[in-house]
Structure formats: C-alpha cells, structure tokens
Amino acid sequence: MDRSRRRVSIIDVATAAGVSPTTVSHVLSGKRPVSQDTERRVRATIETLGYVPSHAAQSLRSGSMQTVGVLVPDITNNFFAQLIAGVEDAASEAGFTTIVGNSRFEAERELRHLNMMAQRGVDALVYVAGAPPSLRILREISERIPIALADEEIESLSVTTAVADHRKGGRLLGRHLSGLGHMSVLVISGPPALTSCRERLRGFRETFDGALHVVDADFLEGGGFAAVEDHPPDGDQPYTAICALNDLMAMGALAALRSLAYDVPEDVSVVGFDDIAASAVIDPPLTTVHQPAYEVGKTATKQLLQDIKQGRSQRTTRHVLDVTLRVRHSTA
C-alpha cells in the first residue's frame with residue numbers, strides 16, 4: 001500500500017528499521033534503554049517515513065480534549081441519532097469530543113468518510129457499517145486508527161463490537177406472527193451485505209412456520225413503499241402479514257397499504273424492527289422489536305476508549321445487548 005495514502009504506523013517503522021514495535025516505543029518514550037545504534041536507526045526511519053506518534057492514550061490520561069469519530073449510514077433515522085447520543089456521552093465522559101459522518105448507505109461516500117477520519121487526526125472511530133468496503137481495506141484502516149463496530153458486525157474484522165441480538169429479535173417477530181395464525185408473510189429485508197439483515201431473517205425463519213416471500217430494500221421508507229407496490233397482498237404470492245426488518249421500511253409499507261386501500265391490521269398485519277420514537281405514535285402504532293440503540297453506541301465507545309487509555313492494542317471483544325418485542329396495534 002502506498003504510504004502517502006495513509007498514516008504511517010509504528011509497525012511500518014519497526015519493519016523498516018528491522019526492530020520490534022516495542023523497541024520503537026521504547027525509543028519514543030525514553031523509558032527503556034536501547035543501544036545508540038538502534039536508536040539512531042529507528043529515529044532515522046521515523047524521519048524518512050514521516051511517522052507521527054498517536055497521542056490518544058496520553059490524551060486520555062491527561063483529560064485533554066481529543067476526538068472520536070462516529071460514522072453512521074443514515075443520520076435522519078432516529079435509531080442512529082440515539083446511537084450517536086450514546087457515543088457522544090461515552091466520549092464526553094472520557095474527555096473527548098465527537099464528530100459525525102453520514103454515509104447514506106453509499107459505498108463511495110462511506111469509504112471517503114473512513115479515509116478522512118483515519119487521515120485527519122481522529123483518535124478513535126465508532127463505525128456503523130452501511131455499505132462497507134472490502135475486508136482488506138477495513139483491516140488497513142483499523143491499523144491506522146482504533147475502531148469499534150456498533151450495530152453491524154463485519155466477519156473476520158477483529159475489533160471491539162457492540163450489537164443488539166438481531167437473531168433473537170427475528171425469532172420474536174416470527175413467533176408473534178405465527179401465534180396470531182399468519183401462514184404467509186412478505187419479508188422486506190435491508191441491504192443483503194449487512195449482517196443485521198441476515199441475522200434478523202435467520203431468526204425469523206427459525207420461529208415462523210409458514211411461507212416467506214423475501215424482497216431486498218434499502219432500509220428507507222421509500223424501499224418499504226416500493227416493496228408493497230411491487231408485491232401487493234393479493235398479488236402472485238399473497239400474504240396476510242409484512243415483516244419489515246427496520247421501522248422506516250415498515251412505515252413505508254403502511255403508507256403503501258393505505259394507498260392500495262388495505263386496512264392495518266384488519267387486512268394485513270405489519271411488524272418492524274428498531275422501535276424508533278415514531279413507531280409508537282403513528283397510526284396504527286407499530287409492533288416492533290426494541291433494540292437499545294443508545295446503549296449500543298455507549299458500550300462500543302466505552303470499551304474502545306478504555307483499551308486506548310490502558311495502552312492495549314485492538315482487541316476482539318463482543319458485546320451483545322438484549323432486545324424485546326413491543327406489541328402495539330399493527331398486528332392482529
């Protein structure tokens with residue numbers, strides 16, 4: 001990888017100087033003796049590569065204001081607003097300020113935000129994947145900046161992760177609709193690359209005994225509306241219930257059913273996932289899975305900053321937070 005495109009790491013310096021990263025650290029801190037020849041070689045390498053040490057750990061210890069970045073896919077979605085609030089509170093408690101990036105589920109925009117935060121002095125990043133780049137790119141970025149994943153897991157990326165129990169949430173929805181006697185469901189899924197979608201659908205299949213018709217959408221109201229327009233309840237694959245894998249798509253589905261003159265829940269039941277604030281006040285109030293967005297953001301951030309403060313390298317810690325079913329008036 002071209003070093004001009006990324007922040008040089010202590011590992012780069014160690015490799016070029018032919019020493020261990022620990023030796024480079026000793027040269028920089030002056031706390032442990034190293035030979036004069038080794039010190040000269042390491043310092044020459046630092047100058048050649050343009051290495052700038054990260055002062056995140058020292059900043060945490062001193063309480064000075066540093067910066068945590070948080071990247072989310074949809075800042076207009078109340079779920080992500082709550083998650084950001086959790087990040088901001090945990091960062092503030094540690095003496096950090098927070099900056100926010102919004103990827104809009106666009107791959108190019110997401111990668112641009114990731115690179116910007118890694119290159120411009122953000123000390124840590126809480127990353128909510130919306131359109132994640134390749135694993136190779138993510139690993140390279142995680143070598144440049146400490147990362148925690150929130151809400152979305154990325155397979156084989158070994159970093160701190162905090163998520164809700166998506167699979168359990170899917171099971172709760174499948175059991176609820178089966179218990180009401182539904183035998184055919186339209187499932188409106190989100191972007192198939194996201195682990196949360198796969199886990200929610202997996203859980204739903206485990207507890208729903210009837211027929212499923214699964215369509216992919218975009219986690220936005222428009223995607224839910226279009227899914228119902230393209231697949232009406234009395235179409236080629238009729239159904240009596242809709243399971244939208246987030247609340248915004250469920251709201252779009254409700255609007256589409258209304259435009260097609262179907263009553264909810266008399267004709268079609270609808271469930272969502274997230275329990276955003278609007279889900280309790282729309283007409284009819286939405287049956288949905290509550291996942292603790294604020295706690296997900298705060299947990300990811302606290303663990304990440306604790307690791308930095310204690311001088312630990314990137315760890316693989318996984319925190320799974322519980323979910324609950326909120327039964328309202330959109331199902332019967």
Side-chain angles (χ1 to χ4, degrees), residues 1-71 91 94-101 103 107-127 129 132-149 154 157-160 301 304-316:
M1 185 177 180
D2 181 10
R3 297 194 194 285
S4 66
R5 295 171 55 197
R6 68 175 177 88
R7 183 174 173 178
V8 177
S9 72
I10 196 170
I11 296 175
D12 295 327
V13 174
T15 300
V19 298
S20 69
T22 302
T23 299
V24 177
S25 179
H26 292 338
V27 169
L28 292 170
S29 68
K31 293 182 178 180
R32 297 285 182 86
V34 297
S35 71
Q36 290 183 351
D37 287 344
T38 298
E39 181 174 356
R40 281 196 295 267
R41 187 164 72 253
V42 169
R43 292 198 179 279
T45 303
I46 288 172
E47 183 175 353
T48 299
L49 297 182
Y51 171 64
V52 178
S54 171
H55 296 291
Q58 294 91 324
S59 299
L60 272 171
R61 295 189 190 100
S62 66
S64 64
M65 296 299 287
Q66 296 294 319
T67 307
V68 173
V70 54
L71 177 57
F96 273 48
T97 54
T98 305
I99 64 170
V100 179
S103 71
E108 182 178 349
R109 188 183 182 97
E110 189 153 319
L111 181 57
R112 186 166 68 248
H113 274 296
L114 287 168
N115 280 321
M116 180 274 294
M117 290 186 179
Q119 291 169 356
R120 297 189 180 179
V122 174
D123 295 292
L125 171 63
V126 178
Y127 174 38
S134 70
L135 181 60
R136 177 187 62 81
I137 291 174
L138 287 174
R139 282 175 173 165
E140 289 172 350
I141 291 172
S142 70
E143 291 174 358
R144 295 150 59 188
I145 180 174
I147 290 178
L149 300 177
I154 296 177
L157 185 62
S158 300
V159 298
T160 290
T301 308
L304 179 61
L305 297 184
Q306 284 174 8
D307 288 345
I308 294 174
K309 184 176 182 179
Q310 296 171 14
R312 292 194 290 249
S313 58
Q314 287 275 275
R315 299 195 303 163
T316 306

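When reading the values below, keep in mind they use all heavy atoms of this one structure, side chains included, and skip hydrogens, waters and symmetry mates.
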- Cationic N near anionic O, under 4.0 Å, Glu39 to Arg43: yes

Does the side chain of Leu71 come within less than 4.5 Å of Ser103's, by heavy atoms?
-> yes

Can you confirm whether Thr160 sits close enough to Leu149 that some side-chain heavy atom of one is under 4.5 Å from a side-chain heavy atom of the other? no

With sequence neighbours left out, the residues meeting side-chain hydrogen bond (donor to acceptor under 3.5 Å, both in side chains) with Ser35 are Thr38

Exercise. Any side-chain heavy-atom pair from Leu114 and Pro133 closer than 4.5 angstrom?
Worked result: yes

Does the side chain of Val68 come within less than 4.5 Å of Thr97's, by heavy atoms?
-> no

Measure the shortest side-chain to side-chain distance between Pro132 and Glu110 over non-hydrogen atoms and say whether it is less than 4.5 angstrom.
-> yes

Taken in chain and number order and not counting sequence neighbours, the residues that satisfy side-chain hydrogen bond (donor to acceptor under 3.5 Å, both in side chains) with Thr45 are none

In this structure, OG of Ser142 is separated from CD1 of Ile137 (nearest 0.5 Å) by 12.0 Å

Any Tyr51 side-chain heavy atom under 4.5 Å of Ile10 side chain
yes

Note: Thr67 and Val122 closest approach over all heavy atoms is O-CG1, 3.7 Å

Pair Asp12, Ser9: side-chain N/O donor-acceptor within cut-off below 3.5 Å: yes

- Without swapping roles, check the side chain of Arg41 against the backbone of Val19 for a donor-acceptor pair under 3.5 Å. no

- For the residue pair Leu305 and Asp123, establish whether any side-chain heavy-atom pair is separated by less than 4.5 Å. no

Nearest heavy-atom approach of Ala91 to Thr301 is N-CG2, 3.9 Å

Heavy-atom nearest pair, Leu125 first then Met117, reads CD1-SD, 3.3 Å

Worksheet entry | Note, Asn115 side chain near Ile141 side chain (heavy atom, < 4.5 Å) | yes

**Asked** Looking at Glu140 and Arg136, does any basic side-chain N land under 4.0 Å from a carboxylate oxygen?
**Response** yes

CD of Glu143 to CG of Leu138, rounded to nearest 0.5 Å, is 11.5 Å

Closest heavy-atom pair, Pro21 versus Ala14, reported as atoms and distance to 0.1 Å, is N-CB, 3.5 Å

Rounded to the nearest 0.5 angstrom, the OH-CG distance for Tyr127 and Leu304 is 15.0 Å

